[in-house]
**Student:** 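Mind having a look at this structure? Questions to follow.
All values below were derived from every heavy atom in this structure, side-chain atoms included, with hydrogens, water molecules and symmetry-related copies excluded.
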Amino acid sequence: MQRLSKKNVLLEIEMLRKELNDQYKKQACITPELITLSVQLDQLLNKLRLHP
């Protein structure tokens with residue numbers, strides 16, 4: 001597992017949020033891809049909590 005700096009994690013979270021929002025606007029329903037993005041976002045948020 002690669003170790004990310006807090007700044008990199010925050011940037012990745014922002015990119016995932018944007019992608020999640022963009023896909024939701026296009027599809028307006030929950031898809032496996034949206035679930036995958038949501039899981040990735042949760043994992044990044046957990047990394048932030050574990051490594052303040």
**Student:** Could you please spell out the steps behind the salt bridge (charged side-chain N to carboxylate O under 4.0 Å, His left out) verdict for Lys26 and Asp22?
**Tutor:** CA-CA 6 Å; Lys26 289 178 193 172; Asp22 289 347; over 6 Å; no
**Student:** Linking I/L/V/M/F/W/Y whenever their side-chain heavy atoms sit closer than 4.5 Å, directly or via other members, would Leu45 and Leu16 fall into one cluster?
**Tutor:** yes
**Student:** Got a second to check how far Lys25's NZ is from Leu20's CG, nearest 0.5 Å?
**Tutor:** 11.0 Å
**Student:** As an exercise, state the distance from CD of Glu14 to CG of Leu41, rounded to the nearest 0.5 Å.
**Tutor:** 9.0 Å
**Student:** Taking the side chain as C-beta and beyond, is there a heavy-atom pair between Asn8 and Glu12 under 4.5 Å?
**Tutor:** no
**Student:** Please tell me whether Leu11 and Met15 are part of a single hydrophobic cluster in this structure, the criterion being side-chain heavy atoms less than 4.5 Å apart.
**Tutor:** no
**Student:** What's the separation between atom OG1 in Thr36 and atom CD in Glu33, rounded to the nearest 0.5 Å?
**Tutor:** 6.5 Å
**Student:** Main chain of Leu34, side chain of Ser38: is a donor-acceptor contact present, judged purely on distance under 3.5 Å?
**Tutor:** no
